[in-house]
Amino acid sequence: MKKLFFLLGVLVVVSCQPAKLETKQKDTGESFTYTPPPPVGVMPADDCRQIDIGDKACNFALLDQNGDIWELYKHEGKVILLDFSTMWCGPCQAAGAYTQTIQDNYEAQGFEFVTVLLENKYGEEPAEYDVDSWVSDHNITTAPVLQGSKDKMIDSQDGSIAEPGVTGYLLGAYPTYIYIGRDMKFYSGHVGFSEEYMRQKIEEGL
């Protein structure tokens, strides 16, 4: 079966949802509910994995450039292009200039161009200001840019899990582009940017 991408040995993340905490204020006796933020990174489940074309993507949640949680499954019904990039990657930077134009061209047809930043220019986990810099440098206005990391989004290849591609994505180079159909299933993927090829793949899913 056709594989989505090349493999790269990296780190693993397992996300969980803490239970709601009921607490009381000492002075008034009034109770309130503390709701922890949603989990970040890939959320493994029995019915999803990131390996083959036709697989259902696992849900994931990351902060976007507005400080909001962007959650994959809340966008079911759209064609989604995931752009896995790093800030130190020259080809990623060059390709980033096309993000908003492509988003604008296809947004009305139910398309979303989502950039997942995995590292800043120093090879570290990107911070909020790194995401802001990417947005500003590439004149991005409506396309989501997410504050990711290798820990949150890439699968382990250290033998600690039974099957690779369950707790994250398998990436070998940047930028890597993954196409998700309206049914949340992968229908294509490639390494490296080509505007013509990217548009062809987007239109296949629309």
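Between P144 and E112 the shortest heavy-atom distance is CG-OE2, 3.1 Å. Across I53 and G189, no two heavy atoms sit closer than the pair CD1-N, 4.5 Å. Closest approach of V79 to G205, counting heavy atoms only: CG2-O, 3.2 Å. Taking every heavy atom of both residues into account, P175 and D83 meet most closely at CB-OD1, 3.9 Å.
Salt-bridge formation is detected for the pair K150/E119: a Lys NZ or Arg NE/NH1/NH2 atom is positioned less than 4.0 Å from an Asp or Glu carboxylate oxygen. Using a 4.0 Å cut-off between charged side-chain N and carboxylate O, R199 and E203 make no salt bridge.
Hydrophobic clustering (ILVMFWY, side-chain heavy atoms < 4.5 Å, transitive): M184 and V116 are in one cluster. Residues I180 and V114 fall within the same hydrophobic cluster, defined by Ile, Leu, Val, Met, Phe, Trp and Tyr side chains chained together at heavy-atom separations under 4.5 Å. With hydrophobic clusters built from ILVMFWY side chains whose heavy atoms lie under 4.5 angstrom apart, F60 does not share a cluster with L117. W134 and W70 fall into different hydrophobic clusters, where Ile, Leu, Val, Met, Phe, Trp and Tyr are joined by side-chain heavy atoms under 4.5 Å apart, directly or via other members.
Using a 4.5 Å heavy-atom cutoff, the side chains of W88 and N120 are not in contact. Proximity of Q50 to V42: side-chain heavy atoms (C-beta onward) are separated by under 4.5 Å at one or more points. Side-chain contact between F186 and I178 is present, with at least one heavy-atom pair separated by less than 4.5 Å. No side-chain heavy atom of D64 sits under 4.5 Å from any side-chain heavy atom of V131. Taking 4.5 Å as the limit, some side-chain heavy atom of L206 sits within range of a side-chain heavy atom of R182.
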* **Residues Y174, S85; criterion side chain to side chain contact (heavy atoms under 4.5 Å, CB included); working and verdict** => CA-CA 6 Å; Y174 308 108; S85 286; 5.7 Å; no
* To do: Go through the steps to decide whether M198 and L81 satisfy the test side chain to side chain contact (heavy atoms under 4.5 Å, CB included), and finish with yes or no.
  => CA-CA 9 Å; M198 178 178 286; L81 171 55; 3.6 Å; yes
* F111 vs I202, side chain to side chain contact (heavy atoms under 4.5 Å, CB included): CA-CA, chis, key distance, verdict -> CA-CA 8 Å; F111 167 78; I202 292 169; 3.6 Å; yes
* Using the side chain to side chain contact (heavy atoms under 4.5 Å, CB included) rule, take L82 and Y177 through it: C-alpha gap first, then chi angles, then the decisive distance, then the call. => CA-CA 6 Å; L82 298 181; Y177 299 99; over 6 Å; no
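The structure places OG of S194 at 9.5 Å from OH of Y98, a figure rounded to the nearest 0.5 Å. Taken to the nearest 0.5 Å, the OG atom of S133 stands 4.5 Å off from the CE atom of M87. Atoms CZ and CD1, from F84 and I154 in turn, are 7.5 Å apart once rounded to the nearest 0.5 Å. For the atom pair CG of D151 and CD of E125, the computed distance is 6.5 Å after rounding to the nearest 0.5 Å. Rounded to the nearest 0.5 Å, atoms CD (Q100) and CG (N139) are 9.0 Å apart. One distance of note links CG of L146 with OG1 of T115; it measures 7.5 Å at 0.5 Å rounding.
One N or O on the side chain of H138 and one on the backbone of Q93 form a donor-acceptor pair closer than 3.5 Å. At least one donor-acceptor pair under 3.5 Å links the side chain of Q65 to the backbone N or O of V145.
When K201, K185, E204, H190 are each tested for a side-chain hydrogen bond (donor to acceptor under 3.5 Å, both in side chains) with Y179, only one passes: H190.
Between the side chains of N59 and E71, at least one donor N or O lies within less than 3.5 Å of an accepting N or O.
Sparse packing is recorded around CD of E128, with 12 or fewer heavy atoms of other residues, nucleotides or ligands lying under 6.0 Å away.
Between F113 and Y106, the distance from one ring center to the other does not fall under 6.0 angstrom.
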